[in-house]
Structure formats: structure tokens, C-alpha cells
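Have a look at the structure below before the remarks.
Every chain is numbered from 1, with letters handed out A, B, ... down the list of sequences. Scope of the values below: all heavy atoms of this structure, side chains included, with no hydrogens, waters or symmetry mates.
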Amino acid sequence: MNSVELISALTTSLTYPDLLFIVDKDIAVVAIPASKVADLATELKTRPEFAFDMLTDLTAVDWLGKQTPRFEVVYHFYSTSHNHRLRVKAAVDEGQPVPSLTKLYSIANWFEREVWDLYGIKFARHPNLKRILLYEEFKGHPLRKDYPYDKRQPLEPETWPVRELQVQMEEGRKIHRP
Amino acid sequence: MALIQNNVCWGTPGDNILDYVLGWARKYSIFMYPFVTACCGMEYMSVASSHYDIDRFGAGLPRFSPRQADVLMVVGTVNNKLAPILKNVYDQMAEPKWVISFGACASVGGPYDNYAVLQGIDRVVPVDIYIPGCPPRPEVVLDGLMKLQRKIQEQKHEI
């Protein structure tokens, strides 16, 4: 199926309210409220005419001050049997959890941890929702638009620790530095 | 005091002949540990290979174990998760040891003023020579290496 055929098939077969179907630059796009994502993904994966068996990407967009709700979680699905693709956009507000897709797609585990790490979007019923790229002591979520680009974290050293050198000298260790 | 001719530090035996001899020996037998993390590594390879040839300065053999090296050359961007590893590598080097910061990223963070990148390795390890440039030309690296040799020649040495 090409994108237009896919969109028309989806329009006739999916019965959720608040769905928006468009074809954007040759790829079929479905916009949906975040609470319906797991149901939609189950249907897309199990129905044989769609058979979206692969989740190629999962990321998020922060539309701070430009759209409400603030965040958009973007899923890219691919069908290895039919060779067609679909993009699903789920609008989600700050603090509102999104249903996790880990039961359907194992790769969603790490993707959702990354989105939590960098955007602070929570995923409901995720088995292990903790930071994946940054360290546990990191404060905030750096890809949010209101995170200052030059903010320094508490664990970042400001200067070379002079105190440590003094302690070494007091202990009588040989310092070869001039 | 040091005698400098043609931008090369020859050194003169001053008050302490031991400092002079040890400095002379150590400046011509530099074993570098290349801590290469980013694109500056290409310039480092250019410096190390035959066209620019740092073997002329006695620094031709990189050692890939910090325990066998005495100059830590940090080449490229160091981010916050890598900083403890850099500190660990520095701590494992045996005295006497020196540090060269190669390029803008290692020196001050370069263009990356963000949440991930360490704003200069001097926040983690003490640096002797900073080499500017993004990436530095090989000539500048040779200049930095000669400045380090001069520093080694002129400093106090202990056994």
C-alpha cells in the first residue's frame, strides 16, 4: 500500500474519536490523543492488512508556547511484510502519562527511557523507567525548551580542585608540578 | 635560566646540575598517552605521521597504557560522563606526568556550551599546555610540544 491507500484504509477501519489523518510529504500521519496510543498500536500490529510489526523510531517534540498540549510523542511504525510506513503523533500535556508500548514492541523500552530522560514525559506501566543516557544525579530534562542551554549541573566541577593538591602536599607526597 | 635558540630550548646547567640533566633526559623521551575522543584525532594522526614527524622531538612512541606514559594528551571533546574516566586515567599515570590539552573542546569546551560537555578538562585534571584551534594546525601542535619541552627543561625535578 502506498501512503494514500494506507490512509484511506485506516480511515475506513479505525473507529476512534478525535483521530486526524493526513499525508505529509509522502508519509501517512495519524494524530491521536495520548491515552489511545496503546489501543491504536495493538490494532495496527495485530490486524493483518496493516501488520506494523516494527517500531523504527519513538521520539518527542516540545512545542512550548506554540501549541497546547505542550508535548507531542512521535512514533514511526514499519511493516516488514507490506513495506509501508506510518507516523503516529500523540499530543500529551506536562505530567500526563502516556501508555507504554513495551508489551507490544521490546525496543520501546529503551526509546521510552530516552524520551523520559531528555523530555521528562512519563510512560505508564513501563517496567524500568529511569534515565538511560544521562546520569541519575542529573537535575531536569535537557531537551525541554525551557531548560537553559548553559545550565550547569551540581556534579560538574567548576575548577580544578586546589584543595586536593593542598592535602597531597600536606601529606608529604612528592609533587613534580612547578 | 635557559638558553633558547631558534625557538628550541637547549637549557643551561644552573644551580642544580641534577635538574638540568633530568630535564634534558625527560624532555627528549616523551611517551604520550593519546586520549583521543573526537575529530582532533585526525590532526593528531597528521602530526604523528611522517610529514610532521613528532619523532624529531623524541615523542614518537605513543603508549596505550597510562602506566607507561608520562604525557597525557587529551585530544577532543570530553563530556561529563567521560570526565571521571579521564581523571582515572590521569591518576593511573606514574609521576612525573604532564598534560596537554589539544584543541578548543578539550581546553574550554569549544562550541559546545551545553548540558553534556565538560567546559575544559582543567576542571578535572591540571593542564600544562593548551593548544588552541578547532582543530589546531600541526604546526601549532609542534609549537605546543616544544613549549612543553621547555617547561620540562626549566622545572624542578625530584627523584
Plane angle bin for Phe77(A) and Tyr75(A) - parallel if under 30°, tilted between 30 and 60°, otherwise perpendicular: parallel
Check: Ser79(A) side chain, Phe52(A) main-chain N or O, donor-acceptor pair, under 3.5 Å: no
Cation-aromatic face contact Lys45(A)/Tyr105(A), 6.0 Å, 45 degrees: yes
Chain B contact via Glu156(A) - side chain, backbone, both or neither, heavy atoms under 4.5 Å: side chain
Part of Asn114(B) within contact of chain A (heavy atom distance under 4.5 Å): both
Contacting region of Leu133(A) [heavy-atom separation from chain B under 4.5 Å]: backbone
Donor-acceptor contact below 3.5 Å, side chain Asp117(A) vs main chain His141(A): no
Leu118(B) versus chain A, the contacting section by heavy-atom distance below 4.5 Å: side chain
